[in-house]
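Some notes on the structure that comes next.
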Amino acid sequence: MHNLKQLLQDIGTHSVQGTADKPLTALTADSRRVEKGCLFVAVRGTAADGHNFIPAAIDAGATAIVCADDYTPSYASDGVTFVRVPDTAEALGRLASAWHGHPSRHLTLVGVTGTNGKTTVATLLYDMACGRGERAGLLSTVVNRIGNRAVASTHTTPDPLELNALLAEMVEDGCTFAAMEVSSHACAQRRIAGLHFAGGIFTNLTRDHLDYHRTFQAYLEAKKMFFDALPEDAWALVNADDSHARILVQNTRARVSTYGLRTEADFRGAVVEDRIDGMLLRIDGQELHTCFAGRFNAANLLAVYGASRLMGEPRMEALTQLSALHPVAGRFQTFHAAGITAIVDYAHTPDALANVLSTIREATGPDADVITVCGCGGDRDHGKRPMMAAEASRRSTLLIITSDNPRSESPEAIAADMLAGLDADARLSAEVELDRSAAIRRAILGAEDGGVVLVAGKGHENYQICGGERRHFDDCEQVRAALAERASRKAE
């Protein structure tokens, strides 16, 4: 049982109409989950305004309402306390943290933000912590982990109530460290308000999520909010090779450090040798082998190394652990069979796709057969569709445009948007196969021996959203099946 008066100590500026000293049975921002004695927080979202559901929440038994300063009750609500705040989303995050006993204060919590690399860096930080013998937690796009237990992940960054509940479970489980992805949506929607971060990492910034943020500047500002909110006792580790790094930390109170492959930085690294099955890296003057491929992964590993050092890990121990790490599911996941290499990767932005294909080209040479299978998600940024196709066509022998998660859009319309990014010659040589399973099969059966097939865009996802239906679909399963068929044909 919580007391409203005590909880309000954590939300900052507010005014109270009614009795603040009252017990509460639950906290929610969903009017459908209101129960008797509940505190309901009315949040203005992208699809609905929670203030419209205040009457329903009161009818369901809510005895306290957190609302915006400009909200005026439209009917009598005796016995209900109204708490007015400047930002209800911010208040929800802080209330959720307080409700669960401020779990982030009992963890070394590290947030990772950026366009690409968040999942890899967060997961590898978790793996590094486990390697040090710590009990650790993870909040990521692929999976959440509480110690050794896996918990299904539905969002890159969960809503404040789910987020703090997961962090509280980590504390109860004995975890001392947690790594989490911090999405731009989570920053803009204040989902991380009230959390205490020990450190924050910036990977890179390229075009993404403009369907939500509308402009690249707004996208950048959302990421910047994470660093602006870091406390004085935190550290911020940013990619010096990315031109946006300086802007993101210009107002932070945290101690700023840098990492880089091309630029002078506090933590320096270099790719000595890059192959499709791994790299030889030089980090802080020490060479090490790793089973990761590509410069983008070299940057990810350098970020993990820098973060480990900032958390007190000795240099050689950090490097030794780094060399033992393995790639994350759906991130440059490689299959060697039947005379070819197939790669499944989550690359779903132009920059990420260019990075993956550049890695393949650097490892195989300019004359190798490289087939790329990719599409673009529906109900998302239309502007990146022609850019994705252009990047893929430029670096591939053959581009097969297929369906990703079309959602409510026509797959044919999405493919047409992608084809618009190709010149006349490239358009003639590209293929469109909207059945993703058939597209993967076509690429693997048609690849030349020694060639590479890249299946991009979905990575770890084991579903496809078509219309309102979410159906099972796993790129890795499809690749394995097609490789088995290719091997069978070769054996005949």
Side-chain angles (χ1 to χ4, degrees), residues 7 10-12 27-29 41 43-46 66 85-115 117-119 121-122 125-126 137-141 144-146 151 153-171 175 177-203 205 208-209 212-213 218-238 248-249 251-254 307:
L7 289 177
D10 288 278
I11 67 171
L27 167 66
T28 186
V41 183
V43 177
R44 290 181 171 127
T46 54
V66 174
V85 297
D87 187 329
T88 56
E90 175 88 13
L92 177 62
R94 295 185 178 280
L95 287 166
S97 178
W99 188 273
H100 289 283
H102 299 289
S104 63
R105 298 179 185 177
H106 304 285
L107 296 162
T108 299
L109 179 63
V110 176
V112 185
T113 197
T115 304
K118 295 189 298 297
T119 299
V121 172
L125 285 171
Y126 166 84
L138 172 67
L139 296 169
S140 81
T141 304
N144 299 323
R145 293 194 178 276
I146 299 170
V151 179
S153 174
T154 57
H155 293 82
T156 299
T157 310
D159 69 71
L161 292 167
E162 182 186 357
L163 175 54
N164 280 278
L166 287 166
L167 292 173
E169 284 190 61
M170 293 177 191
V171 173
C175 296
F177 172 86
M180 67 174 286
E181 295 184 50
V182 178
S183 68
S184 58
H185 293 71
C187 295
Q189 296 169 11
R190 309 297 197 275
R191 293 184 215 163
I192 56 173
L195 298 187
H196 183 278
F197 287 93
I201 299 172
F202 165 65
T203 58
L205 199 69
D208 200 13
H209 301 304
Y212 177 82
H213 297 287
Y219 178 48
L220 183 151
E221 289 294 332
K223 297 287 190 186
K224 184 175 180 296
M225 290 169 64
F226 171 56
F227 292 98
D228 288 351
L230 289 177
E232 290 182 0
D233 61 349
W235 48 264
L237 178 63
V238 298
L248 290 176
V249 294
N251 299 119
T252 190
R253 294 171 293 165

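Just the heavy atoms: all of them, side chains too, but no hydrogens, waters or symmetry mates, feed the values below. This chain uses plain numbering: 1 for the first residue, then up along the sequence.
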Might you point out which heavy atoms bring [X] and [Y] nearest each other, and give the distance in Å?
X      : Y      : answer
Val66  : Thr88  : O-CG2, 4.2 Å
Trp235 : Ala307 : CH2-CB, 3.7 Å
Ile11  : Arg94  : CA-CD, 4.0 Å
Pro103 : Ser97  : CD-O, 3.8 Å
Arg190 : Pro160 : O-CG, 4.5 Å
Ile192 : Cys187 : CD1-SG, 4.2 Å

Can you find a heavy atom in the side chain of [X] that is under 4.5 Å from one in the side chain of [Y]?
X      : Y      : result
Val112 : Thr203 : yes
Glu181 : Thr141 : yes
Phe227 : Thr113 : yes
Leu166 : Leu139 : yes
Arg191 : His185 : yes
Leu109 : Met180 : yes
Leu237 : Phe202 : no
Leu163 : Leu195 : yes

Between Asp228 and Leu248, is the side-chain contact (heavy atoms from CB on, under 4.5 Å) condition met? List the steps.
CA-CA 8 Å; Asp228 288 351; Leu248 290 176; over 6 Å; no
With rounding to the nearest 0.5 Å, note down the distance linking [atom1] in [X] to [atom2] in [Y].
X      : Y      : atom1 : atom2 : value
Arg44  : Asp87  : CZ    : CG    : 10.0 Å
Leu95  : Leu161 : CG    : CG    : 9.0 Å
Met225 : Gln189 : CE    : CD    : 10.0 Å
Ile201 : Leu125 : CD1   : CG    : 4.5 Å
Lys118 : Ser183 : NZ    : OG    : 7.0 Å

Using ring centroids (six-membered ring only for Trp), state whether Phe197 and Phe226 fall under 6.0 Å.
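That pair passes the under 6.0 Å test.
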Is there a donor-acceptor pair under 3.5 Å between the side chain of Lys224 and the backbone N or O of Leu220?
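Flag not set: sc Lys224 to bb Leu220 has no pair under 3.5 Å.
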For Asp10 and His102, test the side chains for any donor-to-acceptor distance below 3.5 angstrom and give the result as yes or no.
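Indeed, the side chains of Asp10 and His102 share at least one donor-acceptor pair under 3.5 Å.
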Do His196 and Ser104 pair up side chain to side chain, a donor and an acceptor below 3.5 Å, judged on atom types alone?
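Looking only at side-chain atoms, Ser104 and His196 do not form any donor-acceptor pair under 3.5 Å.
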What do the steps show when you test Leu205 against Tyr219 for side-chain contact (heavy atoms from CB on, under 4.5 Å), and what is the final call?
CA-CA 9 Å; Leu205 199 69; Tyr219 178 48; 3.6 Å; yes
Could you walk me through whether Val182 and Lys223 satisfy the side-chain contact (heavy atoms from CB on, under 4.5 Å) test, starting with their C-alpha distance in whole Å, then the side-chain angles of each, then the deciding distance to 0.1 Å, before giving a yes or no?
CA-CA 9 Å; Val182 178; Lys223 297 287 190 186; over 6 Å; no
Please walk me through it: do Ser140 and Tyr126 pass side chain to side chain donor-acceptor pair (under 3.5 Å)?
CA-CA 10 Å; Ser140 81; Tyr126 166 84; over 6 Å; no
